[in-house]
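Shown next, in structure tokens, is the structure this report addresses.
When a residue number appears, it is its place in the shown sequence, counting from 1. Worth knowing before you read on, the calculation uses all heavy atoms, side chains too, and leaves out hydrogens, waters and symmetry mates.
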Amino acid sequence: MEESGLAKKFRGTAKHKIDAKGRISIPPEFRRAIESGDPGFRHGDCGRLTIVFGDSRQKFLECFTEAAIAEIDDIIDSMNRSSSERRYLEHFYQTCAIQSSLDHNGRLFVPSSARKKIGLAGDVVLAGTGDTFKIWHPNDFAEYSNAFDAMYREGGEAQHPMKLVDQARFD
């Protein structure tokens with residue numbers, strides 16, 4: 001399920017509710033990206049993904065498509081088994097994560113331990129980040145967004161984001 005030969009991306013921000021059972025209704029565009037990033041997806045299936053809750057510094061849940069987490073797994077698998085870097089990445093992306101799938105109503109179940117870690121209840125923010133999306137507590141997302149706004153100001157004027165794209169293009 002590809003669009004112009006490329007996997008669909010998670011784009012945009014949406015505010016949703018998480019119910020008492022820990023279910024979040026995923027926007028249709030995000031569902032299509034989950035399906036696109038699931039190599040085993042067949043019409044009628046529920047798209048699969050991996051939720052990484054990370055360590056104590058992470059204030060969000062990051063949801064990876066099957067293809068995106070497979071890329072990370074391949075990198076980890078290529079590392080020396082005895083390296084501390086590999087052990088850290090295994091812990092972060094494999095131990096501090098859960099595999100999940102959407103239900104037939106397009107909802108994602110978030111286990112209570114992951115909800116408690118970042119204080120999810122009531123409203124949540126879903127923020128697209130390309131081949132992943134993040135689930136935030138609204139206050140933490142606002143703080144994060146404001147920090148980015150402040151970071152990219154020079155002399156009281158905000159840099160245009162394309163300046164960073166241009167820099168990356170020529171690096």
Which Ile, Leu, Val, Met, Phe, Trp or Tyr residues join L61 in one cluster when any pair of side-chain heavy atoms under 4.5 Å counts as a link?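 F10, I18, I24, I26, F30, I34, L49, I51, F53, I98, L102, L108, V110, I118, L120, V124, L126, F133, I135, listed by chain and number.
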Residues clustering with I75 (ILVMFWY side chains joined when closer than 4.5 Å, directly or via others):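 Same cluster as I75: nobody, lone residue.
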Give a yes or no answer on whether the side chain of Q58 reaches the backbone of V52 with a donor-acceptor pair at less than 3.5 Å.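 Yes, Q58 side chain to V52 backbone: donor-acceptor pair under 3.5 Å.
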Any donor-acceptor pair under 3.5 Å linking the side chain of D45 with the backbone of R42?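 Checking the backbone N and O of R42 against the side chain of D45, a donor-acceptor pair under 3.5 Å is found.
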Distance from [X] atom [atom1] to [Y] atom [atom2], nearest 0.5 Å?
X	Y	atom1	atom2	result
E66	F41	CD	CZ	12.5 Å
D77	D74	CG	CG	6.0 Å
K134	E62	NZ	CD	5.0 Å
D103	F109	CG	CZ	11.0 Å

Salt bridge or not for D19 and K21, using N-O below 4.0 Å?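 Salt bridge flag = no for K21 with D19.
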Just so I know, are the side chains of [X] and [Y] near enough to count as touching, which here means a heavy-atom distance under 4.5 Å?
X	Y	answer
F64	D131	no
R48	S100	no
K59	H137	no
D140	F60	no
R87	R81	no
L89	M79	yes

Q99 vs T50, test: side chain to side chain donor-acceptor pair (under 3.5 Å). Steps then yes/no. CA-CA 4 Å; Q99 291 181 304; T50 296; 4.5 Å; no
So which atom in [X] and which in [Y] form the shortest heavy-atom distance, rounded to 0.1 Å?
X	Y	result
G54	K117	O-CE, 3.6 Å
A67	P39	N-CD, 4.4 Å
D55	F92	N-CE1, 3.6 Å
R107	S25	CG-CA, 4.0 Å

Can you name the side-chain hydrogen bond (donor to acceptor under 3.5 Å, both in side chains) partners of S78, sequence neighbours left out?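 So S78 forms no side-chain hydrogen bond (donor to acceptor under 3.5 Å, both in side chains) with any residue.
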Among residues at least two apart in sequence or on other chains, which ones pass side chain to side chain contact (heavy atoms under 4.5 Å, CB included) with N80?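 Result, side chain to side chain contact (heavy atoms under 4.5 Å, CB included) vs N80: S82, S83.
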Listed partners of E29 passing salt bridge (charged side-chain N to carboxylate O under 4.0 Å, His left out), at least two apart: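 Here no residue qualifies.
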Qualifying residue, where the test is side-chain contact (heavy atoms from CB on, under 4.5 Å) with C46 and the options are R31, E35, H104: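 For C46, the side-chain contact (heavy atoms from CB on, under 4.5 Å) test succeeds with only one of R31, E35, H104, which is H104.
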D123 and K17: salt bridge (Lys or Arg N to Asp or Glu O under 4.0 Å), yes or no, with the steps? CA-CA 4 Å; D123 290 334; K17 298 257 185 225; 2.7 Å; yes
Going by the rule ring pair (Phe, Tyr, Trp, His ring centres under 6.0 Å), which residues pair with F141 if we only count those two or more places apart in sequence or in a different chain?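 F141 satisfies ring pair (Phe, Tyr, Trp, His ring centres under 6.0 Å) with W136 once adjacent residues are dropped.
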